[in-house]
Amino acid sequence: MKILVSGAGGLVGRSLVPAAKELGHDVGRLVRGEPKGKEFWWRPESGEIDFQAFNGWGGPEVVVHLAGENIAQGRWTETQKRRIRKSRVDATERLCGSLLRLEERPSVFISASAIGYYGNRADEILTEDSSPGSGFLAELTVGWERAAEALNRAGVRVAHLRFGVILSSEGGALGRMLPLFRWGFGGKIGDGRQWISWISRTDLIRMILFVLENSQMEGVFNAVAPLPVRNAEFTKALAERLKRPAFFRVPRPVLRLGLGEMAEALLLASQRVMPARMTKAGFQFEHPTIEKALAAEL
């Protein structure tokens, strides 16, 4: 299939593109800079795309939309929140509008989303049928998913994958933790009781391709492993894998003082999310446990 990927240079995109090519798919990239090879220029702020460049390619059958501002980059000032909204909600809406103007529209649109949709829910077990939570991240995710409604109404198969914490040594939360843990300065965050819903990078890439190749899969899917862990369990598993102690603890007040609202939403919130719809569809996890995921990644 002809697959067009936005955010191809990001943590997920860097793995997705070669994996899709290995399966025989023809992959193009949406880029903001000067296009090279099978790349197509676009401007997220306006949704403008160089449609003429598609003439030699024939246009995408599938669009995988991964682009967006890093939500974990700095405090959530009002300015930063606006940047995040524009890069995720507004840019998605404009991208969808541009795709609708193509003579031959894509038949599938797969978009990144986030389990931030559920907010802080303590020990509650959350599935795709659970209600949205409250707070900036939950409201952002609701708008992010709604931004693709125009494609859905036009008959395009739309799937939203609510990403959990992606375990990758090359970046993301795990990538930032590794130096501290390797130096022996790792430890729990807060009281360590908050649930972490995670997924290995390998399983996430397999999941995206699984959704792409199964025509009955549309709507919302939790992109998480079937066995979430508490922060204390995650800390223990990572320290054991690295053969390092993990005695340090970052108190809640320190995180709130340093990172404000972002700390509450990304580090202290408890989200016990299950991949109910993905499991029902028959997806088989390579790394269902945190121990297997860390062993594979590290």
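What you see below is based on every heavy atom in this structure, not just the backbone, and it leaves out hydrogens, waters and symmetry mates. Numbering starts at 1 and runs along the sequence shown.
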Query raised in the report: Do the side chain of N214 and the main chain of Q216 share a donor and acceptor less than 3.5 angstrom apart?
Result: no
**Report entry** Electrostatic pair R230-D123, nearest N-O below 4.0 angstrom
**Finding:** yes
Query - NZ/NE/NH1/NH2 to OD/OE distance under 4.0 Å, E128 and R277 - result: no
**Report entry** Heavy-atom donor-acceptor pair, E93 side chain to A148 backbone, under 3.5 Å
**Finding:** no
Requested in this report: Look at K81 together with E78 and state whether they make a salt bridge at an N to O cut-off of under 4.0 Å.
Outcome: yes
Requested in this report: Kindly compute the distance separating CG (L11) from CG (L16), expressed to the nearest 0.5 Å.
Outcome: 11.5 Å
**Report entry** Check: E69 main-chain N/O paired with R88 side-chain donor or acceptor under 3.5 Å
**Finding:** yes
Requested in this report: Take W57 and D26 through the side chain to side chain contact (heavy atoms under 4.5 Å, CB included) test and state the conclusion after the steps.
Outcome: CA-CA 10 Å; W57 191 44; D26 187 2; 2.9 Å; yes
Requested in this report: Measure the spacing between CD1 of I199 and CG of L204 and express it to the nearest 0.5 Å.
Outcome: 5.0 Å
Requested in this report: Working to the nearest 0.5 Å, report the span between CG of N120 and OG of S270.
Outcome: 6.0 Å
Query - Sub-4.5 Å side-chain heavy-atom contact between I49 and F54 - result: yes
Query raised in the report: Would you call E261 and R75 a salt bridge, using N to O less than 4.0 angstrom?
Result: no
Requested in this report: Working to the nearest 0.5 Å, report the span between CZ of R43 and CG of L30.
Outcome: 14.0 Å
Query raised in the report: Taking the side chain from N231 and the backbone from K188, do they hold a donor-acceptor pair closer than 3.5 Å?
Result: no
**Report entry** Side-chain (S111) to main-chain (H160) donor-acceptor, under 3.5 angstrom
**Finding:** no
**Report entry** From K36 atom NZ to E34 atom CD, the distance as rounded to the nearest 0.5 Å
**Finding:** 8.0 Å
Query raised in the report: What are the two closest non-hydrogen atoms of A263 and R256, and how far apart are they?
Result: CB-N, 4.3 Å
Query raised in the report: Under 3.5 Å, is there a donor-acceptor pair between the side chain of H25 and the main chain of M1?
Result: yes
Query raised in the report: Looking only at atom types and distance, does a side-chain atom of E297 sit under 3.5 Å from a main-chain N or O of L294, one as donor and one as acceptor?
Result: no
Query raised in the report: For residues T92 and H65, is any side-chain donor paired with an opposing acceptor at under 3.5 Å?
Result: yes
Query raised in the report: Does A293 offer a backbone N or O that forms a donor-acceptor pair with the side chain of S200 under 3.5 Å?
Result: no
**Report entry** R206 and its salt bridge (Lys or Arg N to Asp or Glu O under 4.0 Å) partner, picked from E22, E286, E213
**Finding:** E286
Query - Non-neighbouring partners of E45 that pass salt bridge (charged side-chain N to carboxylate O under 4.0 Å, His left out), sequence neighbours left out - result: none
Report task. Show your reasoning for whether side chain to side chain contact (heavy atoms under 4.5 Å, CB included) applies to N222 and M278. Result -> CA-CA 7 Å; N222 289 332; M278 193 62 66; over 6 Å; no
Report task. Check the angle between the aromatic planes of F185 and W183 and answer parallel, tilted or perpendicular using the 30° and 60° thresholds. Result -> perpendicular
Query raised in the report: With sequence neighbours left out, which residue pairs that include part of residues 187-223 fulfil the ring pair (Phe, Tyr, Trp, His ring centres under 6.0 Å) condition?
Result: F210-F283
Requested in this report: Please check if the side chain of S130 supplies one atom and the backbone of T127 the other of a donor-acceptor pair under 3.5 Å.
Outcome: yes
**Report entry** Contact check, side chains of R105 and L100, non-hydrogen atoms, under 4.5 Å
**Finding:** yes
Report task. State the CG-CG distance between L174 and L238, to the nearest 0.5 angstrom. Result -> 6.0 Å
Query raised in the report: Do any N or O atoms from the side chain of S98 and from the backbone of G47 form a donor-acceptor pair under 3.5 angstrom?
Result: yes
